[in-house]
Amino acid sequence: MGSARLDINLNAIAENWRALDGKTGTGTETAAVVKADAYGLGSGPVARHLAAAGVRTFFVAVAEEGAAVRAAVGPGPAIGIFSGHMAGDTDLIAAHDLTPMLNSPAQMDRHLSALPGAAFGIQLDSGMNRLGMEPAEWEAVKARALEAKPWLVMSHLACADDPDHPQNAQQLAAFRGMTDGLGLRRSLSATGGILLGPDYHFDVTRPGVGLYGGLPFATALPVVQLTLPVVQCRDLLPGEPVGYSATWVAPRPSRIATVAAGYADGLLRSLSGKATLFAKGTPCPLAGRVSMDLLTIDISDLDEDPETLEILGPYQGIDALADAAGTIGYEILTSLSARYDRRYGTA
Ligand SMILES: *Cc1c(COP(=O)(O)O)cnc(C)c1O
């Protein structure tokens, strides 16, 4: 095999969804966020499997993603669009029965005039200042919105991965201030907010990264395994350099394995000199720079040449690799290459 193999465990995703669902009361529905192609893992297979596991509501970032999810899950589940009703989206929204989360009075005008009677939700800004209506905007359109019966009113927490951050309570109070007493279904929390406790749960939660095995859901089951084929191995004398810019020099008689994946496959160049790969559990350090399609690995301590080396899996999860790259698990996942040989398993 010439390309690296990415194993995606769909049952682990479903188990993570069940575990997050179990953290909230029976009155709280747990949706699933499958934006960015389900965080790089494939929104079609992931959404189909989650729908079979009982997910009734999906969220994506843009309407085009929603159309793909609708094709995968068929009629029935609700599909919310975080970016709302953008100019030019009307036909997609209508054709695929998507539910835009309206972010501004202008989006509300657009939606109610283009598709009167069609489902919509409202996104409010409770302090992140990224998406959603400001309190004064909401006040101005609230009566008209309520008359049209929103499906859901939501907001998003900026600091939920840090339970001690004072902005969590501030955003909770702001959200309550904008929505208490209106009789609307409400949603505030993604993965991090679920872990903040019941005050944050409301009627619907919207986990993403926790489904895919990432922090802040520390007890998530790992979902991905990435196995890189060895193209060739060679012996080096002490003092011989490896790779671009000769940043690694053999400190002893060394053996180097070259494996088939690089920064074009989402193995970020910031991993240069920092990543660790594994040969059946034995750690082997990356030697030198990450190339576009290749990595060079110091396998001097192995008894025999490996056929493959693992960079994601039981020995190293997405957040451990993210730490080495100076990023977050989300970016490791969403960078995973389309070039990988993807296998969906239900082990
Ligand atoms: C991405 C996103 C989520 C999911 O967040 P995670 O941290 O991955 O659980 C939920 N809601 C909104 C508005 C988002 O943008």
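Just so it is clear, the values below take in all heavy atoms, side chains as well, and ignore hydrogens, waters and symmetry mates. Quantities reported herein were computed from a predicted structural model and do not represent experimental measurements. Remember, it's 1-based here, ligands and their atoms both numbered in the order they're listed.
One finds a salt bridge joining R185 and E29 here, because a Lys/Arg side-chain nitrogen approaches an Asp/Glu carboxylate oxygen to under 4.0 Å. Using a cutoff of 4.0 Å between basic side-chain nitrogens and carboxylate oxygens, R144 and D109 are scored as salt-bridged. The pair R255-D298 does not count as a salt bridge, with every side-chain nitrogen at least 4.0 angstrom from each carboxylate oxygen.
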Next item on the list: Evaluate the ring-ring contact (aromatic ring centres under 6.0 Å, His included) criterion for residues F175 and F202: first the C-alpha distance (whole Å), next the side-chain angles of each, then the deciding distance (0.1 Å), finally the verdict.
Entry: CA-CA 11 Å; F175 185 58; F202 295 95; 5.2 Å; yes
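Ring planes of W151 and F59: tilted class, angle from 30 to 60°.
By the 6.0 Å contact criterion, CG on D303 is open, its count of non-hydrogen atoms from other residues, nucleotides or ligands being 12 or less.
Ordered by chain and residue number, the residues placing a heavy atom less than 4.0 Å from ligand 1 are V33, K35, Y39, F82, R130, M154, H156, A190, T191, R206, P207, G208, V209, Y330.
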